[in-house]
Amino acid sequence: MPPRPVLHEVMSAPAPAPAPTRPSPPPPTQPSTPPPTRLWTPKRVLVTRSAAERPHGQRILARLEAAGVDDVELLPGDRLPPLRGDGDRAAFMAAKDTLAVVVPPPSKRALQPIPPSADWRVDLAEGCPAHCQYCYLAGSLSGPPVTRVFADLDEVLAGLDGYVGRGSVTSATVERGGEGTTFEASCYTDPLAIEHLTGGLARMIEHFGTHDWPGPVQLRATTKFDDVAGLLDLPHGGRTRLRFSLNAASVARRFEGATSPVPARIAALGAVAAAGYPVGLTIAPIMPVEGWREEYGALLDAVAAALPAGADLTVECITHRFTPGSKTTLLDWYPRTKLEMDETRRATKRGKFGSVKHVYPKETMAELRGWFEAAVAERLPQARFLYWT
Ligand code: SF4
C-alpha cells in the first residue's frame, strides 16, 4: 500500500536552551480524521442462534456492546419474529431502526452478476438505516425494511476464489478488463452506514488486500456515509475501490435523510484517496433540478479540490428512474415526498421479461449526458468515465 502522506510537518528549528522549570510541551499530535457525522444506533437488535455462533456474529456482538447498544435479543432459533414494516408510519420507523444479524440460506452464497458495476455481487448485508426518498432498495427488497447483516462473512470470503476469472460484466470489456474480476459489496446496503457495528467492510478490504488470489481482483463499494477512519490504515493493497455517492446540494438536502452531508462525504473521499485507495464518484441519482448545471458543477469542483494529486479516480453516472413497484413502496414509506415520479413526464423502458422503468425522456438524457461528460473531462481530467445510465 502506498505510504500515507504526512499532512502536517513540524518545522525543525535550533533547539532553545533548556528551561528546567517549565514542563516539556506535549509531543505534536498527528492530525486526525474528522469524526463521522452520523453513526446509526439501532433501537432493536435481533441475533439468530446460527449468527451468534459464527465468528463474524460474535465480532458484531462485541461491537454492539462496545457501542452501548442495549436492546440485543439473542433468539433461540434461526427464525426472526414477525416484523411489520408497512401499513403505518410507526411500524415503518420501527423496522428501519432494527438490525437483524442472520445467516442467509446457502443458496445466497451463489454470487450473481451485477451489471453495469461489477462481475459479481457479494452481500455483507441487505437494508440500510438511511432515509433516501428515492431509495434503490424500494424496488428490489421486499418485506419490512430492517437491516439484515450476514454473519457468514468468513465463509463467503473463503468461497470467492472460485469466481476469479469467471466474470462477464466488467472482465469481458476492453475498457474495464484491466480491473480484474470485480466484486460489488454495496448492491443491497450501504456498507459504511453499518460499519461501526459490524466491521464487515474492513474485513473484506483486508481479505482482498492480503489474500493470495488466483488472479487479479477488485472489491467495489459505494456509500453516502463518511465513517472512514477505520479503513485508512488497512492493508488494502490497492484492490478496493471506494466510491462515494454524491449529488447536487439541493437533491441531497431534500431527499437523502439520515446520510452524511455531501461535504463530509467529499472529505472522506479525499482521505481514502490520500490513503492510497483507488476511489470513485457515483453521481446518483442525477436529476435535472432547477440550476442543475451550477449545482453539479459546484459538486465536481469540490471533488477536484478534495482529491490529492494522482488519485486513481472513476466516475459512474446514474440518472433518476423508478418502476411501478418502487413508486408504490416509496409513496408508502414517504407519503409526503416531493420527489418527481410522474410517468407522464418520463419515457418508458421495457426489460427482457416485461419489466418497466420510467426514465427521463431522450432529449433530457442527451442534454444531461453531454453536459456531464464535458464537465467531468474539464474538471476532473484524470477521471475514467465508467458508464452513464
Ligand atoms: S443510502 Fe442508499 S441504500 Fe441507504 S437509504 Fe439511501 S439510497 Fe437507500
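Values in this document were obtained by computation on a predicted structure and should not be read as measured data. Keep in mind that the numbers below use all heavy atoms, side chains included, and drop hydrogens, waters and symmetry copies. Order of appearance sets the numbers: ligands from 1, and atoms from 1 within every ligand.
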Can you list, pair by pair, the side-chain donor-acceptor contacts under 3.5 Å of residues 266-275, counting residues two or more places apart and other chains?
none

Check your understanding: Taking the inter-plane angle between the rings of Y163 and W120 on a 0 to 90° scale, is it parallel (under 30°), tilted (30 to 60°) or perpendicular (over 60°)?
Key ->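 Answer is perpendicular, since the angle exceeds 60°.
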Could you tell me which atoms of ligand 1, counted from 1 in the order shown, lie closer than 4.0 angstrom to a heavy atom of [X]?
X: Y136; result: 7 (S)
X: L137; result: 3 (S)
X: A130; result: 4 (Fe), 5 (S)

Check your understanding: Are a donor atom and an acceptor atom from the side chains of Y277 and D312 found within less than 3.5 Å of each other?
Key ->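 No, no side-chain donor-acceptor contact under 3.5 Å.
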**Study point:** E184 and S186 side chains, donor-acceptor separation under 3.5 Å
**Key:**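 Yes - a donor-acceptor pair under 3.5 Å links their side chains.
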Review point. Who's closest to atom 2 (Fe) of ligand 1 heavy-atom-wise, of K224, H131, E256?
Key: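 It is K224 that holds the nearest heavy atom.
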Exercise for review: Under 4.0 Å, heavy atoms only, figure out whether ligand 1 is touched by the backbone of T189, its side chain, both or neither.
Suggested key: neither
Write out the residue and atom name of the closest protein heavy atom to [atom], then the distance separating them to 0.1 Å.
atom: atom 4 (Fe) of ligand 1; result: C128 SG, 2.2 Å
atom: atom 8 (Fe) of ligand 1; result: C135 SG, 2.3 Å
atom: atom 6 (Fe) of ligand 1; result: C132 SG, 2.3 Å

Point to revise | E73 vs D71 side-chain heavy atoms within contact, under 4.5 Å | key: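 SC-SC contact between E73 and D71 confirmed.
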Check your understanding: Short question: side chain of R176, backbone of S117 - any donor-acceptor pair under 3.5 Å?
Key ->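 Judged by distance alone, yes, a pair lies under 3.5 Å.
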